**Q** 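A single structure is presented below for examination.
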Amino acid sequence: MSNPVFQTSAISPVAIRERTGSISTAEILSVLKGEITALHVKQAFSTQIAEEITANFVGSPGLRERKDGVPGQYVGASHYRKDAATYFAESETARPYVDALFGNLVDPVRALFDALKRELHNQGIELRLARSEQGQANVCRALSWSDGGTYSLDPHDDVAQVLSAGSEYELSAVANNTVAALNFYPSIAEEGGNLRLWYHKPTVTDRKSQGVETTGYPYSDSYLEDVPCREFQLRAGDIALIDGGFVHGVTRQSRNGKRRLVLNSFFGFARQDLVLWWT
Ligand SMILES: O=C(O)CCC(=O)C(=O)O
Ligand SMILES: [Fe+2]
């Protein structure tokens, strides 16, 4: 019994939906409530918008290299391993660059945010961007992963970073509930770059055993060896919405030709009557 997954018999049940068309607020709510683990909607936004966002990302004066141990380039701000003051100040600085990714077209991520906000409002629940005295979160951040190993983004969960965010972050309360991770894909590499989801939702004890208590990143191959997984084959214009508490990663991708680009955001219940959204 050397594999900790079996010590804790932690294969978690999953509910997966994959289809073509438009994403609905009902499905988004199902993920938020933990009824759906992963939702892959193909051709969910237009290829014209996808191409424009990709071109704007590549030419963005706000494009930066990540320096926090996760290889990739980005436009926007990540709360990962940052205190609240730094994150919200960076969000403010990056806002014009994030907005500029959409040029004069309608931002599909904001359209989803607005639709969900309307639906939740009807149910007496507020949806808003996370904020502090320093500023507020952006609706999304754009990321292009560049790890050249087995994965272009190593297996991780999105909850550890929320749990360890600290009390000056109002969003730390979301860690007790589902952290929904929303991904829009404006561009996908010719080969690979699939989103892989393992059927395992680590506990604090699991993370400690792997030395990833505060980051949730990266889980080793040996830890995940015997855990079943599912891979989503993505195309430009697709959306994937997952329970970010489950381990997930991005498979190796071809490095010549098209680069893979994702617009990512997180959201979840901070209270019964409040859903927060951040990046
Ligand atoms: O690029 C992807 O498909 C997933 C991104 C992700 O998991 C993250 O940003 O936390
Ligand atoms: Fe993630």
Side-chain angles (χ1 to χ4, degrees), residues 16 18 31 37-42 44-45 50 53-54 57 64 66 68-82 87 94 98 109 137-165 171 174-175 178-189 191-198 200-202 207 212 214-219 224 229-254 258-268 277-279:
I16 290 171
E18 210 167 12
V31 174
T37 317
L39 169 69
H40 175 201
V41 184
K42 301 174 194 175
F45 66 104
I53 295 167
T54 307
F57 176 84
R64 302 278 181 274
R66 274 183 82 147
D68 57 2
V70 186
Q73 293 184 308
Y74 68 97
V75 172
S78 303
H79 83 105
Y80 181 72
R81 293 179 57 191
K82 283 192 195 108
Y87 168 63
V98 176
V109 190
N138 294 311
V139 173
C140 69
R141 58 186 178 137
L143 297 149
S144 179
W145 307 115
S146 58
D147 198 324
T150 315
Y151 298 97
S152 47
L153 172 64
D154 276 343
H156 66 280
D157 74 71
D158 302 325
V159 172
Q161 54 184 304
V162 180
L163 262 177
S164 63
L171 59 85
V174 180
T178 303
V179 173
L182 176 65
N183 300 296
F184 279 64
Y185 298 96
S187 179
I188 290 291
E191 269 179 75
N194 299 333
L195 177 64
R196 187 182 288 177
L197 180 93
W198 283 266
H200 175 52
K201 197 170 183 169
R207 289 192 200 99
V212 298
T214 58
T215 57
Y217 170 96
Y219 290 95
L224 297 169
C229 66
R230 165 88 174 246
E231 224 164 276
F232 299 98
Q233 305 234 356
L234 305 165
R235 310 194 69 164
D238 289 4
I239 294 177
L241 176 61
I242 63 169
D243 177 338
F246 281 75
V247 177
H248 57 281
V250 179
T251 62
R252 187 207 301 268
Q253 53 186 312
S254 52
K258 281 192 179 152
R259 71 149 89 198
R260 184 187 192 276
L261 181 63
V262 61
L263 304 178
N264 168 273
S265 358
F266 302 113
F267 56 95
W277 185 293
W278 72 96
T279 62

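First listed ligand is number 1; within each ligand, the first listed atom is number 1. Quick note: numbers below take in every heavy atom, side chains included, and nothing from hydrogens, waters or symmetry partners. Here the structure is a predicted model, which means the values were calculated and not measured.
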**Q** Students often mix this up, so state it plainly: with edges at 30° and 60°, are the rings of Trp278 and Phe266 parallel, tilted or perpendicular?
**A** tilted
**Q** Can you name the residues that form a side chain to side chain contact (heavy atoms under 4.5 Å, CB included) with Ala189, not counting sequence neighbours?
**A** Gln253, Ser254
**Q** State which residues pass salt bridge (Lys or Arg N to Asp or Glu O under 4.0 Å) with Arg64; sequence neighbours excluded, sorted by chain then number.
**A** none
**Q** Write down the atom of Ser78, the atom of Arg66, and the distance for their closest heavy-atom approach.
**A**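 Scanning both residues, the minimum pair turns out to be OG-NH1, 3.9 Å.
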**Q** Going by the atom numbers of ligand 1, which of them fall below 4.0 Å from some non-hydrogen atom of Asp158?
**A** 10 (O)
**Q** For Asn194, enumerate each residue passing the side-chain hydrogen bond (donor to acceptor under 3.5 Å, both in side chains) test, keeping only those at least two apart in sequence or located in another chain.
**A** Glu231
**Q** Counting from 1, what ligand 1 atoms have a heavy atom of Leu195 closer than 4.0 Å?
**A**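 Near Leu195, the atoms of ligand 1 are 3 (O).
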**Q** Which ligand 1 atoms are under 4.0 Å away from a heavy-atom of Asn183?
**A** 4 (C), 5 (C)
**Q** Looking at Leu261, Val250, Asp154, which one forms a side-chain contact (heavy atoms from CB on, under 4.5 Å) with Trp145?
**A**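 It is Val250; the other options fail the test.
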**Q** Going from CD1 on Ile242 to OG1 on Thr37, what distance comes out if it is rounded to the nearest 0.5 angstrom?
**A** 10.0 Å
**Q** What part of Leu153, side chain from CB on, backbone N/CA/C/O, both or neither, has a heavy atom under 4.0 Å from ligand 1?
**A** side chain
**Q** Ignoring hydrogens and geometry beyond distance, is a side-chain donor-acceptor pair present between Tyr87 and Thr279 at under 3.5 Å?
**A** yes
**Q** Report the nearest protein non-hydrogen atom to atom 9 (O) of ligand 1: residue, atom name, distance rounded to 0.1 Å.
**A**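 That would be Arg141 NH2, 3.1 Å.
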**Q** Quick check on contacts: which atoms of ligand 1 are under 4.0 angstrom from a heavy atom of His248?
**A** 7 (O)
**Q** Please list the nearest protein heavy atom to atom 3 (O) of ligand 1 with its residue and the distance rounded to 0.1 Å.
**A** Tyr185 OH, 2.6 Å
**Q** Whether the Asp158 and His248 side chains hold a donor-acceptor pair (N or O, under 3.5 Å, no angle test) is what I'd like checked.
**A**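 Present: a donor and an acceptor within the cut-off.
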**Q** Do you know how many protein N, O or S atoms are within a distance smaller than 2.8 Å of the Fe ion (ligand 2)?
**A**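 Under the 2.8 Å cut-off, the count stands at 3.
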**Q** How close do Gly193 and Leu234 get, heavy atom to heavy atom, and via which atoms?
**A** O-CD1, 3.8 Å
**Q** Does the residue Arg196 have a heavy-atom contact with ligand 1, meaning some pair of atoms that are separated by less than 4.0 Å?
**A** no
